[in-house]
Amino acid sequence: MQNSNEKGSLFVLAASAAVIAVVAAQVKLVVAAEYTDEMVKCVRGIVEDPKNKPNAPGLIRLLFHDAMVRGLDGSVLLTSTPFNTTSNSLLPNLKGPTEQGSLSNGGLRGMEMIDEIRAKLAEKNTIASCADAVAFAAREATFVLSNGKIEYAVDGPGRQDGVVSAVEDPGRFLPAPTYSYEEILTNFTSKGFTKVDLVALSGAHAVGVAHPLMFSFADRFLPSATIENKIDPFYRAFMLLETKDFTDPQVDLNVRDMTPTTQTLSGYKPDGVNTSAVGVLDNSYYNANLQNMVLFTSDTALRGNAEQLLEDYKKDANVWNAAFSAAMTKLSNTLKAEGPIFEDGSRKKCSATNHDNQDSYSSAKPLNAR
């Protein structure tokens with residue numbers, strides 16, 4: 001496979017003359033030519049561990065939320081960094097919160113697995129960056145959740161870890177659940193994705209949960225909602241009764257995973273969907289969408305604008321599996337870290353940069369800076 005660190009290597013070479021302070025203690029990234037079977041075994045073992053598997057859907061979302069913001073650079077994992085682009089107005093010397101503080105990133109989960117994955121790979125003499133681990137984790141989550149039916153290609157280690165993580169960025173670059181079809185398609189195409197990629201990746205909503213308190217689908221309950229955007233009234237009435245864990249309210253994204261009572265009273269028609277396959281990543285999302293039993297405006301917006309693709313993926317799981325695989329490979333391999341500055345190697349711990357002082361880094365910009 002192609003080495004995903006080619007652009008980053010050019011930056012390291014170009015910037016070496018401008019390094020303000022060289023930190024010899026940093027671990028250098030070992031670049032592997034491919035994501036090997038041994039690496040797969042390590043990562044998959046962690047993802048499918050019973051204590052981790054409930055958070056596996058979050059790993060797919062984590063990849064998307066990282067890669068779509070500044071490229072795949074592990075910035076979504078940072079809880080602190082001295083390199084943020086915004087400052088606190090009351091305390092100007094205190095940099096602003098990271099991407100995790102954005103409402104767009106509410107409910108992120110699975111992040112605790114990333115350092116675990118890196119440690120396990122290190123035991124096998126493979127040094128993976130935080131960004132690498134995010135890509136590998138999503139791949140294995142997809143495999144595990146699909147019961148082994150979806151397995152796609154990813155590049156091996158070599159992705160760069162960024163050091164900038166600003167709270168305003170997710171809102172600027174991630175598609176909102178309230179987006180219209182035109183808005184979400186524009187968002188995807190700006191990153192090099194197609195209409196096919198958009199509809200295929202939306203199928204990830206077959207698994208996971210939504211958080212009612214984050215108002216990600218409240219717009220569909222409002223009297224002002226258009227007829228096309230209103231949630232099916234019976235589905236709306238009964239799905240809210242499915243709310244779990246009232247300390248952190250959650251609702252299943254997929255009506256297939258709700259109780260038989262809710263399905264029956266909502267008028268849900270499985271039409272070939274295996275309703276016993278609770279929590280399985282499959283093409284059941286498309287059946288639900290075509291019945292207006294999906295939560296987000298961005299989901300329902302696909303009807304009437306990409307209806308043929310919805311029908312195709314509903315009818316043939318293999319067609320969707322292939323399209324989803326291709327889109328996930330693109331998400332993992334083509335959205336390179338944008339910088340403008342990176343770790344010299346990989347982070348020691350994914351939640352924080354290796355240094356507290358910007359003088360530890362080069363002041364030069366990489367060749368692929370914005």
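Fair warning: this is a prediction, and the values are worked out from it, not measured in the lab. The residues of the chain are indexed from 1 along the displayed sequence.
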Between Arg70 and Gly162, is there a donor-acceptor pair closer than 3.5 Å when you use the side chain of the first and the backbone of the second? no
Looking only at atom types and distance, does a side-chain atom of Tyr268 sit under 3.5 Å from a main-chain N or O of Val255, one as donor and one as acceptor? no
Backbone N or O of Ala128 within a donor-acceptor pair of the Arg118 side chain at under 3.5 Å? yes
I need the minimum non-hydrogen distance between Ala133 and Ile114, along with the two atoms involved. CB-CG2, 3.5 Å
Measure the CD1-CG distance between Ile127 and Asp132 for me, rounded to the nearest 0.5 Å. 11.0 Å
All heavy atoms of Asp257 vs all of Val278, minimum pair found to be OD1-CA, 3.3 Å
Compute whether any side-chain donor of one residue and acceptor of the other, for Asp299 and Tyr285, lie under 3.5 angstrom apart. yes
May I ask you to say whether Asp197 pairs ionically with Lys330, meaning some side-chain N is under 4.0 Å from a carboxylate O? yes
How about Asn55 and Arg109: does a side-chain donor come under 3.5 Å of a side-chain acceptor? yes
For the atom pair CG (Asn187) and OG1 (Thr189), what is the distance rounded to the nearest 0.5 Å? 8.0 Å
Please confirm whether the backbone N or O of Lys269 pairs with a side-chain atom of Asn287, one donor and one acceptor, at under 3.5 Å? yes
Under a 4.0 Å threshold between the charged nitrogen and the carboxylate oxygen, would Lys149 count as salt-bridged to Asp282? no
Going by side chain to side chain donor-acceptor pair (under 3.5 Å), Ser75 matches just one of His65, Gln100, Glu99, Glu338. Which one? Glu99
Do you know the tightest heavy-atom contact between Gln263 and Arg256? NE2-O, 2.8 Å
Distance-only, no hydrogens or angles: does the Thr353 side chain make a donor-acceptor pair with backbone N or O of Val163 under 3.5 Å? no
Rounded at 0.5 Å granularity, tell me how far CD in Gln291 sits from OG in Ser266. 10.0 Å
Between Val134 and Ile117, does a side chain to side chain contact (heavy atoms under 4.5 Å, CB included) hold up when you go through it step by step? CA-CA 9 Å; Val134 169; Ile117 286 169; over 6 Å; no
When you measure from the side chain of Asp73 to the backbone N and O of Ala337, does any donor-acceptor pair fall under 3.5 Å? no
Does any N or O in the side chain of Ser146 come within less than 3.5 Å of the main-chain N or O of Ile150, such that one atom is a donor and the other an acceptor? yes
Step by step, work out the side chain to side chain contact (heavy atoms under 4.5 Å, CB included) result for Val196 and Tyr313. CA-CA 11 Å; Val196 170; Tyr313 296 157; 3.4 Å; yes
Quick check on the hydrophobic clustering: are Val280 and Met328 connected, directly or via other members, by side-chain heavy-atom contacts under 4.5 Å? no
Side-chain donor-acceptor pairs under 3.5 Å in residues 39-48, sequence neighbours left out?
residue : atom : partner : partner atom : Å
Arg44   : NE   : Glu140  : OE1          : 2.7
Arg44   : NH2  : Glu140  : OE1          : 3.0
Arg44   : NH2  : Glu151  : OE2          : 3.2

Heavy-atom pair of closest approach, residues Val294 and Ala288: CG1-C, 4.2 Å
What closest approach, in Å, do Leu302 and Ser202 show between heavy atoms, and which atom pair accounts for it? CD1-OG, 3.7 Å
Stepwise, does the side chain to side chain contact (heavy atoms under 4.5 Å, CB included) test hold for Leu198 with Phe193? CA-CA 7 Å; Leu198 163 60; Phe193 291 95; over 6 Å; no
Are Ile184 and Ser298 packed together at the side-chain level, in the sense that at least one heavy-atom pair is separated by less than 4.5 angstrom? yes
Which residues satisfy the side-chain hydrogen bond (donor to acceptor under 3.5 Å, both in side chains) test with Asp161, sequence neighbours excluded? none
Within the 6.0 Å centroid threshold, strictly below: Phe188 and Phe64: yes
Report yes if some heavy atom in the side chain of Ser346 is under 4.5 Å from a heavy atom in the side chain of Gln160; otherwise report no. no
Do Thr178 and Phe296 have side chains that approach each other closer than 4.5 Å (heavy atoms only, starting at C-beta)? no
Hey, are Lys349 and Asp115 close enough for a salt bridge, meaning a charged N less than 4.0 Å from a carboxylate O? no
Does the side chain to side chain donor-acceptor pair (under 3.5 Å) test come out yes or no for Thr142 and Arg139, once each step is laid out? CA-CA 5 Å; Thr142 298; Arg139 180 191 188 270; over 6 Å; no
Test log, rule side chain to side chain contact (heavy atoms under 4.5 Å, CB included), inputs Leu77 and Thr98: CA-CA 9 Å; Leu77 303 170; Thr98 65; over 6 Å; no
We want to know whether Ser332 and Asp155 form a side-chain donor-acceptor pair, criterion being a heavy-atom distance below 3.5 angstrom. no
Sidechain N-carboxylate O distance under 4.0 Å for Lys314, Asp271: yes
Quick one: do Leu78 and Phe342 end up in the same hydrophobic cluster if we chain Ile, Leu, Val, Met, Phe, Trp and Tyr together by side-chain heavy atoms under 4.5 Å apart? no
Report yes or no: does Tyr181 contribute a side-chain atom to a donor-acceptor pair with the main-chain N or O of Gly304 at less than 3.5 Å? no
So, Lys51 and Glu116, do they make that salt bridge, N to O below 4.0 Å? yes
Test your reading of the model: is there a side-chain donor-acceptor pair from Asp252 to the backbone of Asn254, 3.5 Å cut-off? no
Do the non-hydrogen side-chain atoms of Val209 and Val251 ever get within less than 4.5 Å of each other? no
Could you tell me if Arg61 and Asn105 have a donor-acceptor pair between their side chains, going purely by distance under 3.5 Å? no
Heavy-atom nearest pair, Trp320 first then Ala200, reads NE1-O, 3.0 Å
Measure the CG-OG distance between Leu108 and Ser102 for me, rounded to the nearest 0.5 Å. 9.0 Å
Look up atom CG in Asp66 and atom CG in Leu72, then write down how far apart they are to the nearest 0.5 Å. 5.0 Å
State, without any angle test, whether Thr300 and Thr297 hold a side-chain donor-acceptor pair at a distance under 3.5 Å. no
Leu62 versus Val76: any side-chain heavy-atom pair under 4.5 Å? yes
List the steps, then state whether side chain to side chain donor-acceptor pair (under 3.5 Å) holds for Gln308 with Asp312. CA-CA 6 Å; Gln308 187 57 57; Asp312 291 345; 2.9 Å; yes
Rounded to the nearest 0.5 Å, what separates atom OG1 in Thr126 from atom OH in Tyr35? 10.5 Å
Between the main-chain N or O of Ser165 and the side-chain N or O of Asp169, is there a donor-acceptor pair closer than 3.5 Å? no
